[in-house]
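For reference, positions follow the sequence shown, starting with 1. One-based numbering, in listed order, for ligands and for the atoms of each.
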Amino acid sequence: MITIIKYRSIATILFIILLFFTKCINEGKDNADKTLSSHFQKFAGSASCINCHKTIYESHITTAHFHTSEIASENNIKGSFDSGKNKFLYSNGGIVAMERKSNGFFQTAFINGIEKKSQRFDITIGSGTKGQTYLSWAGAKLNQLPITYFTATNQWCNSPGYPDKIAFNRPITSRCLECHTTYAEKLSQPLADPVAIERSRFILGVDCERCHGPAAKHVEFQTQNPNVKSAKFVINPAFFSREQSLDMCALCHGGRLQKTKPSYEFTAGNKLSDYFVIDSANKDATNIDVHGNQIGLLKGSKCFKMSKTLTCITCHNTHENEKGKEALFSQRCITCHNSIHTDAGICKMVVKTGNKIKGKCTACHMPEQKSMAIAVLLQGEVLPTPAAMHTHLIKVYPEETQKVLAFLKKN
Ligand code: HEC
Ligand code: HEC
Ligand code: HEC
Ligand code: HEC
Ligand code: HEC
Ligand code: HEC
Ligand code: HEC
């Protein structure tokens, strides 16, 4: 089979069609000893939610979660294939060119002008907020391609963590997929990496069922019982304890966690520490990198320590793309920071400078900082360039305050 598809229904149809055409093509040894689980059958795919949850579905498909992994295509590969913009030069003279061919998009390596290797962009990882990296199938395994797209400078760069020379053989780990997809069915040992995957049982994107659990039974029940207005067989995080709610997001936003059970076994509602060793050694929030560990940073904040309810979803409506909506986030701060709920009132600065800072709470208290965890080597440079991310260590940042005040004065 040559295709993986986001929705099971489409996948099934394609699967049947492809069977006709590819029956005689040997797929490779990787798939030979497949032991498929029944777990995949429990997923319905988000397309099946449209009929009954249209509003949520339509906004969900605009989120970074939904787009965080997709089949590579003209529509979602961020970088340019135009000549003059489509090459990356290594310091040793090697070149990788991003090429458009009749059968897809490729990264092609040239050494001394001679083509050495060409691999297809099969899957994109990253909606492109900070950057986007690419995976290529090698049998049932996936390798990361040497070149990544870096959004801040709008250019191709050496994939993070790669040496300054061309490499095509870095395998993708199951943990990497666990944070960037909804489900992958593994053919190899559950805990072993690199991971071999059954391509027809791969659900891309961080989709509905990642947070609500596999929902095929819910869809079946609600479809057969249209008069039942309450929900059955689906997880509603609105009823979670604080710990459950944080764990649901910490699975992917809790930094490096070491797994003790096979990937994809954790479901929202479970206790994260039953599935991972939680690294509590790094307790000093000021030392946690801003990449991928919003939990650690938030837990170091007074807002978190001194309130009983604050979780990720106090500020984030994960069904919506709320990126850059400063005023909306500020409104959510004010639900707690008003003279009724805390002694501090809204903010001493509001008293000093007036109401116009009311919509800018996050610019001063959750400023963007450089993340060395998402840092890439740009062409011709020796030091990596970092992406910027909003810190979740909420506190007073005197330097940012000066910058924001200066900005407000000018505008
Ligand atoms: C045939 C209609 C139907 C389909 C299809 C459907 N749902 Fe539902 N769902 C309902 C009804 C009815 C409710 C209860 C009322 C409400 O909350 O909207 C519900 C509620 C929910 C809830 C809230 C749970 C609760 O306890 O209130 C979640 C979460 C949910 N659905 C997720 C999904 C997901 C994910 C899909 C797609 C995989 C899906 N639903 C497909 C009908 C459907
Ligand atoms: C299965 C892993 C996973 C889970 C679970 C998860 N996230 Fe994410 N989240 C990601 C990934 C991966 C990204 C980066 C998406 C991208 O830009 O490619 C992301 C991005 C985000 C963003 C940034 C969106 C943007 O517009 O740039 C927010 C906010 C966020 N997640 C909040 C949450 C919250 C809140 C929860 C818990 C309800 C949660 N996430 C659960 C993996 C996950
Ligand atoms: C612990 C979960 C986790 C693991 C493991 C993980 N990521 Fe991520 N990744 C995230 C989250 C969350 C984000 C969103 C930014 C942030 O919070 O750091 C992200 C961001 C990204 C981005 C930028 C997305 C964008 O739109 O800007 C890329 C590219 C990426 N990851 C690739 C990878 C690759 C490749 C691997 C495996 C080698 C990997 N990630 C492993 C959770 C993870
Ligand atoms: C990143 C995690 C995440 C994803 C992805 C996600 N949800 Fe939710 N969903 C939540 C959380 C958290 C709540 C509880 C929100 C609250 O407490 O207000 C929720 C609540 C709901 C509810 C019940 C409350 C309501 O708002 O009506 C429904 C129905 C629902 N989600 C359906 C969906 C569907 C359908 C999709 C995909 C199209 C989806 N969700 C994707 C996290 C998620
Ligand atoms: C769930 C309630 C809640 C929410 C939402 C909330 N906070 Fe807080 N925050 C608190 C509590 C409680 C404290 C500690 C008591 C105090 O200083 O008022 C606090 C403390 C602070 C402090 C003082 C920190 C320090 O180190 O002295 C700042 C600054 C702050 N919050 C800013 C914000 C901003 C900005 C937002 C929105 C992005 C926000 N808070 C959202 C509850 C909350
Ligand atoms: C007090 C409010 C608040 C809480 C609580 C909160 N966030 Fe955020 N988060 C924000 C704001 C504000 C931004 C910046 C949004 C923007 O401007 O696009 C943000 C941005 C993000 C981003 C994108 C980072 C970037 O700058 O690219 C991710 C990922 C994220 N949050 C995840 C989480 C997770 C996971 C949790 C729970 C541990 C969480 N957030 C809790 C307010 C909050
Ligand atoms: C221009 C930058 C700036 C903006 C915008 C801003 N703050 Fe502040 N905030 C500060 C500074 C500086 C302090 C420390 C003031 C002091 O100690 O005199 C502070 C203090 C605080 C405190 C600690 C208690 C206090 O008053 O000393 C809280 C809580 C707080 N801010 C919340 C908010 C909220 C909520 C918003 C949005 C409505 C906001 N801030 C907007 C700069 C800002």
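Of the protein's non-hydrogen atoms, the one nearest atom 28 (C) of ligand 4 is I56 CD1, 3.6 Å. If you check which protein heavy atom lies closest to atom 19 (C) of ligand 4, you get H212 CE1, 3.4 Å. From the protein, the heavy atom lying nearest to atom 42 (C) of ligand 4 is T318 OG1, 3.4 Å. Counting only heavy atoms of the protein, atom 18 (O) of ligand 4 lies nearest to A238 CB, 4.8 Å. In this structure, the protein non-hydrogen atom closest to atom 24 (C) of ligand 4 is N236 ND2, 4.6 Å. A231 CB, 3.4 Å is the protein heavy atom nearest to atom 20 (C) of ligand 1. For atom 5 (C) of ligand 1, the closest heavy atom belonging to the protein is S48 O, 3.2 Å. With hydrogens left out, the protein atom closest to atom 32 (C) of ligand 1 is V234 CG2, 3.7 Å, a heavy atom. For atom 12 (C) of ligand 1, the closest heavy atom belonging to the protein is Q222 NE2, 3.6 Å. Counting only heavy atoms of the protein, atom 11 (C) of ligand 4 lies nearest to P237 CG, 3.6 Å.
Closer than 4.0 Å to atom 15 (C) of ligand 1 lies at least one heavy atom of the protein. For atom 9 (N) of ligand 1, a protein heavy-atom neighbour is present inside the 4.0 Å cut-off.
Counting heavy atoms under 4.0 Å from ligand 7, residue E400 does not touch it at all. Residue contacts with ligand 1, taken as heavy atom pairs separated by less than 4.0 Å, do not involve P226 at all. Residue I334 touches ligand 7 through its side chain alone, judged by heavy-atom distances below 4.0 Å.
Nearest to atom 6 (C) of ligand 7 by heavy atom, out of K302, R332, H365, is H365. In this comparison of S330, C336, C347, C361, the heavy atom closest to atom 35 (C) of ligand 7 sits on C361. Nearest residue to atom 13 (C) of ligand 7 from V404, V396, V350 is V396 (criterion: closest heavy atom).
Atom 8 (Fe) of ligand 1 lies at 2.8 Å or more from every N, O or S atom belonging to C52. Not one N, O or S atom of C211 sits under 2.8 Å from atom 8 (Fe) of ligand 4. For atom 8 (Fe) of ligand 1, the set of nearby N, O or S atoms under 2.8 Å includes none belonging to C49. With a cut-off of 2.8 Å, atom 8 (Fe) of ligand 4 has no N, O or S atom of H60 in range.
Residue I346 has at least one heavy-atom neighbour below 4.0 Å for each of these atoms of ligand 7: 28 (C), 29 (C), 30 (C), 32 (C), 33 (C), 34 (C), 35 (C), 38 (C). Applying the 4.0 Å criterion to heavy atoms of C208 picks out, from ligand 1, the atoms 35 (C). Close approach of ligand 4 to I313 is summarised as follows: ligand atoms under 4.0 Å from at least one heavy atom of the residue are 12 (C), 17 (O). Interface atoms of ligand 4 facing H65, defined by a heavy-atom separation under 4.0 Å, are 1 (C). Each of the following atoms of ligand 4 lies closer than 4.0 Å to a heavy atom of D207: 5 (C). Of all atoms in ligand 1, listed by their number and element, those nearer than 4.0 Å to a heavy atom of T223 are 1 (C).
Here Q402 contributes atom CD and C364 contributes atom SG; the two are 9.0 Å apart, rounded to the nearest 0.5 Å. In this structure, OG1 in T55 is found 14.0 Å from NE2 in H60, a value given to the nearest 0.5 Å.
In summary, E220 and K217 do not engage in a salt bridge, as defined by a charged side-chain N under 4.0 Å from a carboxylate O. A salt bridge is absent between K271 and E243; no separation between the charged side-chain nitrogens and carboxylate oxygens falls under 4.0 Å. Residues E74 and R100 are paired through a salt bridge, judged by an N-O separation under 4.0 Å between the basic side chain and the carboxylate.
Between the side chains of Y264 and S174, no donor N or O sits under 3.5 Å from an acceptor N or O. Of the N and O atoms on the side chains of Q258 and T260, not one donor lies less than 3.5 Å from an acceptor on the other residue. With no hydrogens or angles considered, no side-chain donor-acceptor pair links D122 and Y134 at under 3.5 Å. Side-chain contact of N293 with H392: a donor-acceptor pair under 3.5 Å is absent, judged by distance alone.
Proximity of R210 to ligand 4 is not established, as no heavy-atom distance is less than 4.0 Å. Ligand 7 lies less than 4.0 angstrom from a heavy atom belonging to K352. Ligand 1 does not have N51 within reach: every non-hydrogen atom of the residue lies 4.0 Å or more from it. Proximity of I61 to ligand 4 is not established, as no heavy-atom distance is less than 4.0 Å. Using a 4.0 Å cutoff on heavy atoms, I235 counts as a contact of ligand 1.
Residue H218 approaches atom 8 (Fe) of ligand 1 most closely through its N/O/S atom NE2. The name of the N, O or S atom in H319 nearest to atom 8 (Fe) of ligand 4 is NE2.
A perpendicular orientation is assigned to the rings of F105 and F121, their planes being inclined by more than 60° (bins at 30° and 60°). Using cut-offs of 30° and 60° on the angle between ring planes, the pair H319 and H212 is tilted.
Cation-pi geometry between R201 and F43 is not satisfied (NZ or CZ under 6.0 Å from the ring centre, within 45° of the ring normal). Annotation: cation-pi geometry satisfied between K395 and Y397 (NZ/CZ under 6.0 angstrom from ring centroid, within 45° of ring axis). For the pair R199 and F202, the cation-pi test (distance below 6.0 Å, angle within 45°) is failed. Figure legend: cation-pi geometry between K261 and Y275, with NZ or CZ positioned under 6.0 Å from the six-membered ring centre and within 45° of its axis.
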Next item on the list: Please test L135 against L177 for side chain to side chain contact (heavy atoms under 4.5 Å, CB included), starting from the C-alpha separation and ending with a verdict.
Entry: CA-CA 11 Å; L135 312 185; L177 296 178; 4.2 Å; yes
Checklist line | L145 and T133: CA distance, side-chain angles, deciding distance, side chain to side chain contact (heavy atoms under 4.5 Å, CB included) verdict | finding: CA-CA 7 Å; L145 289 174; T133 201; over 6 Å; no
Margin query: What verdict does the side chain to side chain contact (heavy atoms under 4.5 Å, CB included) test give for F40 and I203, after you've listed the backbone C-alpha separation in whole Å, the side-chain angles of each residue and the deciding distance to 0.1 Å?
Written below: CA-CA 9 Å; F40 178 73; I203 306 173; 3.9 Å; yes
Check: Hey, mind stepping through H253 and C312 against side chain to side chain contact (heavy atoms under 4.5 Å, CB included) and telling me if it holds?
Finding: CA-CA 10 Å; H253 292 279; C312 310; over 6 Å; no
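Polar contact check, H53 against ligand 1: a nitrogen or oxygen pair lies under 3.5 Å apart. Looking at T401 next to ligand 7, no N or O pair under 3.5 Å apart turns up. At least one N or O atom of K348, backbone or side chain, sits closer than 3.5 Å to an N or O atom of ligand 7.
Put simply, the side chain of L405 does not reach to within 4.5 Å of the side chain of K409, judged on heavy atoms.
Residues S263 and R175 share a closest heavy-atom pair of OG-N, 4.4 Å.
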